[in-house]
Number of protein chains: 2
Amino acid sequence: MRIDRDARHDDVPRKPGVVAVARAVGVSPSTVSNAFNRPERLSPALRERVLRTAAELGYGGPDPVARSLRSGRAGAIGVVFRRRLADAFDEPATVELLRGLSDITDLRQLALVLVPGLQQEHPSIGPAVRNAAVDGLIVYSMSADDPLFEAACQRRLPTVIVDSPTIADLAAVGGGPAGSGPDFVGIDDRAAAETAVRHLLGLGHRSLAILSFGLTAHSRPGAAPVRQQAQAIASVPKARLEGSARAVAAAGLDWSSVPVELVPITSAEGCLAGARALLDRASGITALFAFSDPLAQAARLVARERGLSVPGDLSIIGFDDTAPASEGLTSIHQPLRDKGRIAAERLLRALGQDPPPAGGELLPTRLVVRDSTAPPG
Amino acid sequence: MRIDRDARHDDVPRKPGVVAVARAVGVSPSTVSNAFNRPERLSPALRERVLRTAAELGYGGPDPVARSLRSGRAGAIGVVFRRRLADAFDEPATVELLRGLSDITDLRQLALVLVPGLQQEHPSIGPAVRNAAVDGLIVYSMSADDPLFEAACQRRLPTVIVDSPTIADLAAVGGGPAGSGPDFVGIDDRAAAETAVRHLLGLGHRSLAILSFGLTAHSRPGAAPVRQQAQAIASVPKARLEGSARAVAAAGLDWSSVPVELVPITSAEGCLAGARALLDRASGITALFAFSDPLAQAARLVARERGLSVPGDLSIIGFDDTAPASEGLTSIHQPLRDKGRIAAERLLRALGQDPPPAGGELLPTRLVVRDSTAPPG
DNA sequence: CTGAAAGCGCTTACAG
DNA sequence: CTGAAAGCGCTTACAG
């Protein structure tokens, strides 16, 4: 055990601490601490002497962990992801959100602690969120039934949920942290999806299909009939499916005949496989609503593979508007960077004296029509 | 002071700790700790009772900071950036490096602590790297004379430098951490630049110019004559300039007549302004070597602004190969994701029993010829 | 299977 | 301007 080893060989200290420096200079630990943290309390000469001796001894400065334990502040905020960090960096929408978060944390030189979700391969290690030394948490788009979400809530840290679960869905499931509860920043996914489907229907399409995310934390890829849709827990796909259904019903069509395919969004291959599966079983459709731009891009690739022209044979609309405009993908735009900024601002306010108004914040979305949607050929 | 407040009102504890839970259950703190960390040491019934009481009391689980102080491990590695985090996320090359790093950290569920550099606006706060609770550091592309680099070295943590400063440049400046010194992962920037310029010269160009990064930590944008180039400290532009000069000299041309423009790479506007300045004063050139793809893309934009066709009137070669292949930019490819992976692997090995061989690792690069370079028209 | 004790490295109000 | 003392919340070898 390291501690005992150090104590035994007192003459061979592994790493010098504040007391070693104090001893060498001939002052008290308080003075060493002050030399680093409150320079104005020392005479310049003494401060100089302390700093020089510290450097000679190879003292790396006050240990941030000890300082943090004493002061109660970590100087960092955590961002909790559903899955691997590598997956997060692969999603343009997530990187844009991170840009927005860092726009705000940069102003205070705060570190951003990126916390990975569970790995299917190593479920035993336990969620990393339990170990993150942070002052507050951004929880990014999780299903309310995800064990990771429970673990995040358990920290009882000031928390801002981004996108999912919504406060309403949280209440329905009965989970969530105690006390004042988490804050929320997101969009009106139901209304946005309704807009997307209305756009397709307005062009004259009568036969469409949907490429969605998983409906629960442990959702399997594949077709999701209406009865399975009713079991949805994940707020984002749940709301978008509801919005889509509403638009379809309003047009006098039968929602239960609209194919919905669930796709694991963790990999480009998953997106392609999902698009292929959907186009296999719904070969008659003329329009497709994908719940993300990468999904829409995959669908367009698969359509081309099969000799379908877009939008001639198949109209495709995406979500997030993260594809380069040059690709001409019709999509629902949402202000992802602002979402990050606002989430970080609200978290920082919750950490300070100035908590933001309860109830969370919904950001505006808008339909951006480009070249991937047109009337059926 | 918070501590005293808690002590005074012992009946209104702010947050329950392991002792509060222990008291409530009627066991010792050790047992509570074991309930969370070594479940096998308790009878299932007792463990259950401890966990239930903890939940009732609103205990969030063992405090990671205290645990970290005691155990000596943070369960996270830090990535130190030269500038704002938001700038880092704006650079495709940096995001790709982060993907590589997280490919490895994900395997162990390690958090990634993103540490911002100094803000010009608030130099007073002190470098955030001093406060990062991490087990090791990835230092990403810094100039050896950057105060931030010094602060990072001061932590005396196991460290892997990515790209800059190189071990050789470090030794020349006389800085760097004591002890075994930092590890290094990068590329042979000199050779890669030589290849790029040879490609241009091989096409028949005789009049070229260079769009470079800043040569020191506090480099100003603008023209950099040869005598200023000699003062370069930042390893990457220094080596690339040397490689370029070597290729130019080998072709029997005069390096001192090759315009070199320094560009602040922190913003898209900076890139455009740099490209404009260079094209203003070097209007006769037929070829341009930009030290990054975003810089090359900016140069192409500016060329078009001025009615120059690429590659007809102006050949442009970039670096990193981060632009979409569809844009047809000739570039030097480097394996950025592998670079991240290898850096993380080496750091993890240094943290364990299996330190990597000294001397660092140089990754291969290759010239990718596309449509932005051609013989002079 | 459980508990008492020490200590991780620091900071801070307080006394001098 | 400087020091002695307490304590942040936890874990761990050791004893029982």
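Residues satisfying the salt bridge (charged side-chain N to carboxylate O under 4.0 Å, His left out) test with B:Arg349, not counting sequence neighbours, are B:Asp354.
Between the CG atom of A:Asn34 and the P atom of D:dC1 there is a distance of 11 Å, rounded to whole Å. At whole-Å resolution of the value, CG in A:Asp63 and P in D:dC8 are 18 Å apart. Rounded to whole angstrom, the span from the CG atom of A:Leu69 across to the P atom of D:dT11 amounts to 12 Å. The distance between atom CZ of A:Phe36 and atom P of C:dT12, rounded to the nearest whole Å, is 15 Å. Between the CZ atom of B:Arg23 and the P atom of C:dG3 there is a distance of 14 Å, given to the nearest Å. Regarding B:Arg38, its CZ atom lies at a distance of 12 Å from the C1' atom of D:dC14, rounded to whole Å. C:dT12 atom P lies 8 Å from atom CZ of A:Arg67, rounded to whole Å. The distance from atom NZ of A:Lys15 to atom P of C:dG7 is 21 Å, rounded to the nearest whole Å.
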Problem - Worked check of side-chain contact (heavy atoms from CB on, under 4.5 Å) between B:Ser28 and B:Thr31 - result: CA-CA 5 Å; B:Ser28 80; B:Thr31 300; 3.5 Å; yes
Handout entry: side-chain contact (heavy atoms from CB on, under 4.5 Å) assessment of A:Thr94 paired with A:Phe81
Key = CA-CA 10 Å; A:Thr94 305; A:Phe81 294 94; 3.5 Å; yes
Practice task
For side-chain contact (heavy atoms from CB on, under 4.5 Å), just list the numbers for B:Phe149 and B:Ser143, CA-CA rounded to whole Å, side-chain angles, deciding distance to a tenth of an Å, and then say yes or no.
Solution key: CA-CA 7 Å; B:Phe149 179 64; B:Ser143 190; over 6 Å; no
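Using a 4.0 Å heavy-atom cutoff across all strands shown, A:Gly60 reaches no nucleic acid atom at all. At the heavy-atom level, A:Val65 lies nowhere under 4.0 Å from the strands shown. Residue B:Val19 is out of contact with every strand shown, counting any heavy-atom pair closer than 4.0 Å.
The phosphate of D:dT11 has OP1 or OP2 within less than 4.0 Å of a side-chain N or O from B:Ser33.
Proximity of a side-chain donor or acceptor of A:Ser164 to a complementary backbone N or O of A:Thr166 within less than 3.5 Å is not detected. A:Arg84 places no side-chain N or O within donor-acceptor distance of the main-chain N or O of B:Asp103, the cut-off being under 3.5 Å. A:Ser68 places a side-chain N or O within 3.5 Å of a backbone atom of A:Arg73 that can act as its donor or acceptor partner.
Within the structure, the ring-ring contact (aromatic ring centres under 6.0 Å, His included) test picks out the following pairs touching residues 16-36 of chain A (sequence neighbours left out): A:Phe36-A:Tyr59. The side chain to side chain donor-acceptor pair (under 3.5 Å) contacts involving residues 37-50 of chain A comprise A:Ser33-A:Asn37, A:Asn37-A:Arg67, where partners must be two or more places apart or lie in separate chains.
You'll find that the side chain of A:Thr31 is closest to D:dG3, out of D:dG3, D:dT12, C:dC10.
Spacing of C1' atoms, C:dG16 relative to C:dT12, comes out at 16 Å, to the nearest Å.
With rounding to the nearest 0.5 Å, the separation of CG in B:Asp106 from CG in B:Leu101 is 10.5 Å.
Shown are B:Leu348, B:Ile77, B:Leu347, B:Leu137; of these, the side-chain contact (heavy atoms from CB on, under 4.5 Å) with B:Val160 is made only by B:Leu347.
Base pairing in DNA chain D gives the following stems of 3 or more Watson-Crick or G-U pairs, range against range and under 3.5 Å: C:1-3 with D:14-16, C:5-12 with D:5-12, C:14-16 with D:1-3.
No more than 12 heavy atoms of other residues, nucleotides or ligands shown are found within 6.0 angstrom of CD on B:Glu150.
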Pairs: protein N or O with nucleotides 4-6 of chain D N or O, under 3.5 Å:
{"unit_1": "D:dA4", "atom_1": "N6", "unit_2": "A:Ser30", "atom_2": "OG", "d": "2.7"}

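A heavy-atom distance below 4.0 Å to DNA chain C is reached by none of the residues of residues 40-57 of chain A.
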